[in-house]
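Structure record follows, encoded as structure tokens.
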Amino acid sequence: MTRIHQPESGIRATDLHRRMYRDMLLAREINDRMLILNRQGRAAFAVTGTGHEAAQVGSAHALKRGVDWVLPYYRDTGVMVVLGMSAEQIMLSLFAKADDPNSGGRQMPNHWSFPEQRVVTRSSVIGANLPHAAGIAYASKLRGLDEVAVVYFGEGATAQGDFHEALNFSAIHQLPVLFFCENNGYAISETSEKQMSVRHVAERARGYDIPASTVDGNDVLAVHQEMRWSVEEARRGHGPKLIEAKTYRLVPHTSSDDDRRYRPRAEVEEWARNDPIDRFRTRLIEAGTLADEEGEQWAAEVREEVDQAVDRAWAAADPAAESALRHVFREADGSP
Amino acid sequence: MTRIHQPESGIRATDLHRRMYRDMLLAREINDRMLILNRQGRAAFAVTGTGHEAAQVGSAHALKRGVDWVLPYYRDTGVMVVLGMSAEQIMLSLFAKADDPNSGGRQMPNHWSFPEQRVVTRSSVIGANLPHAAGIAYASKLRGLDEVAVVYFGEGATAQGDFHEALNFSAIHQLPVLFFCENNGYAISETSEKQMSVRHVAERARGYDIPASTVDGNDVLAVHQEMRWSVEEARRGHGPKLIEAKTYRLVPHTSSDDDRRYRPRAEVEEWARNDPIDRFRTRLIEAGTLADEEGEQWAAEVREEVDQAVDRAWAAADPAAESALRHVFREADGSP
Amino acid sequence: MTESTYIEAIHAALEEELERFPTMVILGEDIQEGGVFRVTDGFLDRFGPQRVLDTPLAESSIAGVAIGMAQNGAVPVAEIQFADFSFPAFNQLVSEAARWRYRSNGASGCPIVVRMPYGAGIQGALYHSQSPEAFYAHVPGLKVVAPATPHDAKGLLKAAIRDPDPVIYFEHKRAYRLIRGDVPDEDYVVPIGKAALRREGGDLTVIAWSMMLHESLEAASELAAEGIETTVLDLRTLAPLDRDAILDAARATGKVLIVHEDNISGGLGGEIAALIAEHAFDYLDAPIRRLATPDIPAMPFSKPLEDYWLPSKERSAAAMRELAAY
Amino acid sequence: MTESTYIEAIHAALEEELERFPTMVILGEDIQEGGVFRVTDGFLDRFGPQRVLDTPLAESSIAGVAIGMAQNGAVPVAEIQFADFSFPAFNQLVSEAARWRYRSNGASGCPIVVRMPYGAGIQGALYHSQSPEAFYAHVPGLKVVAPATPHDAKGLLKAAIRDPDPVIYFEHKRAYRLIRGDVPDEDYVVPIGKAALRREGGDLTVIAWSMMLHESLEAASELAAEGIETTVLDLRTLAPLDRDAILDAARATGKVLIVHEDNISGGLGGEIAALIAEHAFDYLDAPIRRLATPDIPAMPFSKPLEDYWLPSKERSAAAMRELAAY
Ligand SMILES: Cc1ncc(C[n+]2csc(CCOP(=O)(O)OP(=O)(O)O)c2C)c(N)n1
Ligand SMILES: Cc1ncc(C[n+]2csc(CCOP(=O)(O)OP(=O)(O)O)c2C)c(N)n1
Ligand SMILES: [Mg+2]
Ligand SMILES: [Mg+2]
């Protein structure tokens with residue numbers, strides 16, 4: 001049931017690949033910048049996905065935008081970049097500004113909500129949104145719609161009761177849901193051996209007869225291929241799938257964490273040599289999909305984009321204090 | 001991973017077998033009587049294990065009494081009979097009398113608690129006591145004790161998040177726990193296809209690398225053999241196991257249920273022909289372990305025993321009204 | 001108007017709303033065969049297994065799946081077989097459903113209904129008798145209702161189903177076949193958030209809901225024969241509370257008794273008493289009294305213990321007399 | 001006596017009890033590396049991985065496994081990383097731990113401690129700021145404590161660990177490094193169930209706990225300069241409540257303000273107000289006031305929203321002045 005996908009040997013020079021690379025660059029730049037802004041004392045808290053960009057961008061590009069439902073987790077800057085949340089919008093969230101599209105500054109950064117792209121709001125309670133994905137997919141099926149729901153989570157989340165209940169329900173009803181696990185080997189300080197007695201999260205799917213695969217999560221094309229196939233399968237009514245993308249976070253868990261306490265530096269360095277962005281760039285250049293200088297130019301563009309996003313977001317208005325009282329229930333003015 | 005055990009062809013005429021048969025008879029008599037007492041308006045509620053006696057008696061006889069920890073569920077009259085709870089004690093519980101050893105009349109019948117045999121109290125909340133078994137076993141291991149913990153439950157319970165969390169924790173720490181599932185194909189009215197997407201509960205154990213087996217739960221010797229082996233393995237430190245005993249309840253879910261609404265009579269009749277007590281008697285008589293007339297005599301003795309138990313329990317005192325206020329916290333008089 | 005029982009009223013509300021909303025789904029354990037109380041009897045044949053959905057025995061996912069459905073155009077009405085079994089779903093209800101709108105800054109809501117048969121008096125023992133309303137009524141973002149009459153049972157359930165926000169609907173299992181009353185033949189809703197004055201009298205005020213309302217009304221009749229006139233307020237909605245109705249009823253008599261089945265400490269009676277003690281203080285002529293179950297972990301099974309535990313008409317009447325005489 | 005911080009006091013209590021009880025186990029997420037707040041720093045090396053146990057990310061089993069351990073001679077002290085994440089464990093705490101003794105008719109108890117870092121003021125937003133004490137304090141069979149000082153943090157934690165019944169221990173995360181105080185050098189416990197009078201004055205009474213005690217004490221000093229003398233009661237134990245201390249403090253001044261971080265409706269303040277309104281009614285000279293957070297689903301992340309939301313020293317002082325002038 002578990003298989004490690006190897007990417008195809010020859011990468012075709014497609015727009016998609018260039019687009020993916022660009023998205024990864026932007027996600028990385030946003031991730032890194034959020035942490036810097038925290039270190040500078042400008043952002044109270046940051047949680048980032050540095051190192052996960054291939055898993056996130058590769059998978060998200062397999063979705064039908066505006067049709068498929070997406071439930072990303074706090075590391076998924078890359079998913080949101082693919083779905084079109086701008087650097088500025090993400091920075092508005094980081095600074096908890098009134099115009100933050102996710103929550104108007106109410107939630108911590110990276111607690112996504114983006115109705116126009118069918119990203120539904122989530123809490124910080126790990127595991128709790130897996131049943132939501134099942135419920136969304138049930139409604140799609142009930143209504144005869146061609147939609148797929150994807151929920152993203154870490155391997156730590158798979159220890160929660162809600163993981164079990166969501167997979168069980170989805171399998172019983174053969175729902176169009178994808179369970180996408182970014183297995184980075186750690187839940188804060190705990191290694192995955194403390195979360196599970198099997199080697200791969202994919203093995204967890206066995207108890208439900210849910211087809212599952214383990215892919216190299218630092219290989220954007222391998223992720224993309226596996227995800228595309230799985231999404232198509234789900235859309236065709238063949239039921240849920242679980243994809244485990246093995247990856248690594250190259251940064252502390254959050255701005256509040258000091259990962260030197262629990263991770264050997266050598267391990268981090270080794271994974272840094274396997275940086276998904278570097279790997280992809282090398283392959284794109286080798287394949288002639290990307291010119292060397294383009295890579296540099298894009299990096300500069302992305303930096304500039306994020307610089308401007310930060311400046312604009314920083315200058316934006318805070319929420320008005322009394323607005324804290326709003327939206328407990330639907331207001332008379334007729335929000336959804 | 002899933003295997004159906006065949007009983008050995010020749011049954012040896014041992015005391016154990018006779019003892020098991022007798023326990024099954026007694027359990028059945030108690031079960032049936034509880035339901036009758038309810039129908040007669042003498043008991044407010046009854047929940048019974050008629051049909052499950054082989055699974056219960058066969059498994060419980062594999063335990064070390066007073067050493068192993070037992071967490072039975074509401075159907076497990078047979079387990080309690082093996083552990084030495086008397087018919088009278090069970091009837092005290094049915095009638096909610098002050099001397100009910102389980103709860104002093106506070107809990108519904110069959111909510112077992114029997115400290116002298118290491119049966120710990122349980123709620124009605126299905127699934128919730130599986131983590132307790134894991135915790136007990138963790139303490140055994142921590143303290144270097146040779147104990148095993150067994151928790152009994154139906155297949156419906158395997159849908160709960162707590163099932164997942166308990167198996168996961170037990171597997172990670174390789175604890176001496178046995179998960180014993182009496183799969184009777186129904187959770188009240190819901191067939192097992194509504195609870196799970198796999199055919200056998202044993203398959204659920206795959207996601208944890210917990211060895212699991214499916215046995216004919218109406219074959220007391222098959223159950224006993226599988227349980228013995230599993231208990232020994234667990235005691236030797238080889239970690240948790242799951243045993244699924246396929247059986248059937250020959251009666252409504254509880255006295256409040258009308259199973260004719262959801263179960264075809266033909267199905268019930270077919271299982272009645274597979275009654276674990278009849279099957280075992282035939283084999284014992286064939287093997288010469290039990291004489292024909294002994295069977296009848298025992299049945300009469302057991303009836304007499306239960307008659308007397310009912311009479312004595314019925315005559316026993318109710319709890320004093322104000323005693324409802326006691327034991328919220330430990331009292332000064334120094335209970336445990 | 002047609003006379004019907006409380007359970008018939010709930011059944012009718014579900015049926016009419018299933019007709020009205022083609023994507024309404026009712027989900028829970030054993031509901032296809034009619035449910036352990038027969039509330040959903042006949043719906044499977046009428047609306048099919050996709051809309052009348054038997055779930056696995058897993059309350060967290062019952063709530064969680066309903067939340068997801070509500071995001072995608074379905075109208076989920078979940079059943080928790082007994083309110084006692086809502087605790088495995090507590091996180092879904094409190095952390096998820098209740099905060100959906102708030103945390104999305106009003107961008108999306110979470111219109112689910114969670115029906116919970118609750119309450120004591122049928123020898124359900126510790127885990128089939130609880131009144132956990134205080135937990136849910138404490139959660140901003142949840143609406144909580146507890147109808148006492150067939151009229152309100154139907155009208156509040158319809159209101160809940162049409163409400164844009166999550167509603168916990170407590171239906172009293174002792175009321176199912178015991179309580180009868182007139183129900184309008186045409187479509188109607190009972191607005192969430194409005195209490196109902198069931199009786200007016202100048203000597204004292206009783207505030208109650210669900211089955212305790214009936215006990216209190218009976219006690220009030222008894223007292224009337226003794227010349228003591230009682231105002232009885234049926235809260236109906238437990239969150240958000242109808243503050244005006246509570247304060248008006250308290251001010252009207254200056255003496256207040258609050259009656260509930262939940263245990264006293266931290267029960268909803270405390271909140272009601274606190275509102276009165278803060279906002280109607282100058283009108284009070286007597287201590288605010290609460291009659292509730294003692295602080296023990298839910299109702300025992302034994303009948304003598306149950307009788308000792310549950311507030312009865314007699315105990316209501318005694319407390320009322322005492323208060324009137326203060 | 002040695003001066004220490006609140007977090008040092010908790011660390012010391014755990015360490016000393018780990019020494020005292022060879023089968024004591026602390027369990028939770030990330031506690032081997034010291035925990036996200038560093039409370040358990042150094043324990044892994046000292047007591048080994050069996051007694052300092054990193055659990056899977058699954059709160060229901062953290063509580064459930066602790067309950068099991070307690071049956072078999074271990075002394076479990078569980079940590080829920082943030083009190084906000086105790087809701088997945090709600091069923092284990094409410095249906096299981098709290099009722100263990102009651103439902104076994106006193107035959108066995110459930111001596112577990114569940115530590116929960118809680119409270120707001122560190123920009124933890126909706127899910128790292130909550131004060132869910134009212135939920136747990138409502139549950140008969142649970143004891144609930146919330147120390148304000150290092151002295152009490154240590155003494156109540158030791159008392160909790162040695163208690164034969166389940167104790168929820170709320171430690172305020174804003175207090176960890178902010179609050180300092182003297183701690184005895186010798187072994188001691190602070191008895192569960194006893195409030196502490198922190199200040200005496202005849203004009204009004206403030207009842208608070210944990211961080212809100214400190215805000216209230218500062219406000220009281222400020223008011224003293226204006227000639228208003230305040231009695232300040234630190235509840236310390238939230239269940240079972242110290243009724244005598246509450247009623248005495250209320251009677252002493254006839255004017256009461258209750259302050260807490262949890263949202264107002266259904267918060268513990270309601271229960272306290274209700275007790276006073278029933279049992280100290282004749283002594284009251286003013287409405288019973290509550291200062292708490294508004295009825296919104298937990299603290300927002302944005303600093304202006306957080307500031308708006310959290311009761312401050314200034315708002316305490318304003319409410320106290322108003323009450324004194326009534
Ligand atoms: C229910 C719950 N418990 C604990 C936490 C605290 N917490 C936040 S992230 C985290 C680790 C998550 O690990 P994983 O799921 O592997 O995702 P990763 O952060 O590694 O991407 C923990 C324990 C939480 N947010 N929710
Ligand atoms: C958490 C919870 N939800 C619902 C119930 C109501 N209930 C009692 S027994 C039961 C079915 C259990 O089925 P199974 O686990 O297969 O055991 P069986 O009764 O078939 O032996 C249900 C739904 C409960 N007791 N606890
Ligand atoms: Mg991880
Ligand atoms: Mg079953």
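Proteins get letters first, then strands, A, B, ... in listed order; numbering begins at 1 in each.
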message: Nearest 0.5 Å, please: how far is CG in D258(B) from CZ in R38(C)?
response: 8.0 Å
field: Student check: side-chain heavy atoms of E29(C) and I188(B) closer than 4.5 Å
entry: no
field: Top of Q160(B), Q195(B), H111(B) for chain C proximity - count of heavy-atom pairs under 4.5 angstrom
entry: Q160(B)
message: Rounded to the nearest 0.5 Å, what separates atom CE in M108(B) from atom OG in S302(C)?
response: 13.0 Å
message: Quick check on E270(B): does its CD atom have over 12 non-hydrogen neighbours (other residues, nucleotides or ligands) under 6.0 Å away?
response: no
For chain C, the option from A44(B), P319(B), G161(B) that forms the most heavy-atom pairs under 4.5 Å: P319(B)
task: Pick whichever of T55(C), D84(C), L126(C), D307(C) has the most heavy-atom pairs under 4.5 Å with chain B.
output: T55(C)
task: Please determine, among I296(C), L305(C), D30(C), the option with the most heavy-atom pairs under 4.5 Å with chain B.
output: D30(C)
task: Measure A320(B) against the heavy atoms of chain C and call it side chain, backbone, both or neither at under 4.5 Å.
output: backbone
- request: Take atom CZ of R260(B) as the centre, draw a 6.0 Å sphere, and report whether it contains more than 12 heavy atoms from other residues, nucleotides or ligands.
  value: no
message: Can you tell me which portion of A98(B) sits under 4.5 Å from chain C's heavy atoms? Options are side chain, backbone, both or neither.
response: neither
Side chains of E190(B) and Q32(C), donor plus acceptor under 3.5 Å: no
field: Verdict with supporting geometry, S124(B) and H128(C), side-chain contact (heavy atoms from CB on, under 4.5 Å)
entry: CA-CA 8 Å; S124(B) 306; H128(C) 300 78; 3.5 Å; yes
message: Would you say that more than 12 heavy atoms from the other residues, nucleotides or ligands in this model lie under 6.0 Å from the CZ of R199(B), or not?
response: no
task: Check the pair R106(B) / F301(C) against side-chain contact (heavy atoms from CB on, under 4.5 Å), numbers first and verdict last.
output: CA-CA 5 Å; R106(B) 291 170 168 206; F301(C) 181 59; 5.9 Å; no
Rounded distance (nearest 0.5 Å) linking atom CD of E33(C) with atom CG of D257(B): 7.0 Å
- line: Between the OH atom in Y127(C) and the CD atom in Q107(B), the distance rounded to the nearest 0.5 Å is 5.5 Å
S123(B) OG to F87(C) CZ distance, which is reported to the nearest 0.5 Å: 11.0 Å
query: From I122(C) CD1 over to F45(B) CZ, what is the distance, rounded to the nearest 0.5 angstrom?
result: 10.0 Å
- line: Scored by heavy-atom pairs under 4.5 Å with chain B, the best of Y308(C), W309(C), F82(C) is Y308(C)
- request: Give the member of S323(B), A321(B), S103(B) that has the highest number of heavy-atom pairs under 4.5 Å with chain C.
  value: A321(B)
Contact origin within D295(C) toward chain B - heavy atom pairs under 4.5 Å: backbone
